[in-house]
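Read the structure below first, then the notes.
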Amino acid sequence: MQLNPYGEDPVRFVVELTNTPPADAAELAERCVAAGLVLDRPVRDADLTEVRDFLRRWAEVVDATTEERRAALLNALLSDAAAHPRLTDHADGGWHIHYREDDLSLAGLLRAVVSVGTALHLTGLGMHRLGRCALAECDHAYADFSRAGRQRYCSPACANRDAVRRHRARRST
């Protein structure tokens, strides 16, 4: 899978990282490569620390209770990460737009790609399109890419578990 810069792929990837953070720098590098990121330098322990901090800040965007708060938190992430848009043709990938400086660390690259991707996701589909799973015992984040925009669960498994629970509760009364 080639990571689509600033599109749906980075948002799906950050949800995955938020729900299951990498245990060490090697795992972070492995997951980034599997997601299609081009790594042009070794991943350091400092990258892992910065990525974990970024994931905490990104989760605050997920947990924001108003659109205004969500926008303010995301604007802060964008301010820290994004740069003026420019065309680039690096890594033989063809011409495309970067919203980041060149020669960033992995943590800086993720901050930029995810922040811009999240902004495009929310402005394109709706500011409500991030959330936490509605299943009481699950706290996983999700990004809603559904057509209707009414996602409430992080996965079909959680939705089914909750539906079965509601069904059993109705039958027992």
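Atoms considered below: every heavy atom in the structure, side chains included; atoms not considered: hydrogens, waters and symmetry mates. Just so you know, residue 1 is the first one in the sequence shown, and it goes up from there.
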Beyond-backbone contact of Cys133 with Arg152, side-chain heavy atoms, under 4.5 angstrom: no

What do you reckon, is CZ of Arg69 surrounded by more than 12 foreign heavy atoms closer than 6.0 Å? no

In this structure, OG of Ser105 is separated from CG of Leu39 (nearest 0.5 Å) by 11.0 Å

Measuring from Leu55:CG to Leu17:CG, what's the distance to the nearest 0.5 Å? 5.5 Å

Checking side-chain contact (heavy atoms from CB on, under 4.5 Å) for the pair Cys32/Leu110: CA distance, chi angles, key distance, verdict? CA-CA 9 Å; Cys32 287; Leu110 281 175; 4.1 Å; yes

In this structure, would Val11 and Phe54 fall into the same cluster of hydrophobic residues linked by side-chain contacts under 4.5 Å? no

Arg70/Asp63 ion pair, N-O < 4.0 Å: no

Between Asp144 and Gly131 (side chain of the first, backbone of the second, donor and acceptor by atom type, cut-off under 3.5 Å), is there such a pair? no

Donor-acceptor pair, Glu27 side chain versus Ala23 backbone, under 3.5 Å? yes

Okay, side chain of Ser172, backbone of Ala169: is any donor-acceptor separation there less than 3.5 Å? yes

Between Leu73 and Ala64, what is the shortest heavy-atom contact and its length? CD1-CB, 4.1 Å

Side chains of Tyr153 and Asn160: closer than 4.5 Å at any heavy-atom pair? no

Please determine whether residues Leu125 and Leu74 belong to a single hydrophobic cluster, defined as Ile, Leu, Val, Met, Phe, Trp and Tyr linked transitively by side-chain heavy-atom distances below 4.5 Å. no

Would a distance-only check, ignoring hydrogens and angles, find a side-chain to backbone donor-acceptor pair under 3.5 Å from Arg166 to Arg161? no

With a 4.5 Å cut-off on side-chain heavy-atom distances among I, L, V, M, F, W and Y, is there a chain of contacts connecting Val116 to Trp95? yes

Pairing donors with acceptors under 3.5 angstrom, does anything connect the side chains of Trp58 and Thr118? yes

Run Tyr142 and Val62 through side-chain contact (heavy atoms from CB on, under 4.5 Å) and show every step you take. CA-CA 8 Å; Tyr142 66 84; Val62 172; over 6 Å; no

Decide side-chain contact (heavy atoms from CB on, under 4.5 Å) for Glu50 and Leu106; before the verdict, give the C-alpha distance in whole Å, the side-chain angles of both, and the deciding distance to 0.1 Å. CA-CA 9 Å; Glu50 289 180 49; Leu106 174 60; over 6 Å; no

For Val15 versus Ala141, what's the shortest heavy-atom pair and its separation? CG1-O, 3.4 Å

Is the closest basic N to carboxylate O distance between Arg31 and Glu16 below 4.0 Å? yes

So that I can tick it off, tell me whether Asp53 and Arg57 are bridged by a salt bridge, with the cut-off set at under 4.0 angstrom between side-chain N and carboxylate O. no

Could you check if a side-chain atom of Leu37 sits within less than 4.5 angstrom of a side-chain atom of Phe13, using non-hydrogen atoms only? yes

How close do Ala25 and Asp45 get, counting heavy atoms only, and between which atoms? CB-OD1, 3.7 Å

Distance check, rounded to the nearest 0.5 Å: Leu78 atom CG versus Ser115 atom OG? 5.0 Å

Do Val51 and Leu28 come within less than 4.5 Å of each other through their side chains, counting heavy atoms only? yes

Can a salt bridge be assigned to the pair Arg12 and Asp9 using a cut-off of 4.0 Å between side-chain N and carboxylate O? no

Side-chain donor/acceptor of Asp162 to backbone N/O of Leu135, under 3.5 Å: no

Interatomic distance, Arg129 atom CZ to Ser146 atom OG [nearest 0.5 angstrom]: 5.0 Å

Treating Ile, Leu, Val, Met, Phe, Trp and Tyr as nodes and any side-chain heavy-atom pair under 4.5 angstrom as an edge, say whether Leu130 and Val113 lie in one connected cluster. yes

Could you give the distance from CZ (Arg170) to CZ (Arg165), rounded to the nearest 0.5 Å? 13.0 Å

So, for Phe145 and His121, is the gap between ring centers shorter than 6.0 Å? yes

Cluster overlap Leu120 with Val14, hydrophobic side-chain contacts below 4.5 Å: yes

In this structure, are over 12 heavy atoms from other groups packed under 6.0 Å from Arg171 atom CZ? no

Trace of the side-chain contact (heavy atoms from CB on, under 4.5 Å) decision for Cys158 with Glu137: CA-CA 9 Å; Cys158 282; Glu137 64 268 20; over 6 Å; no

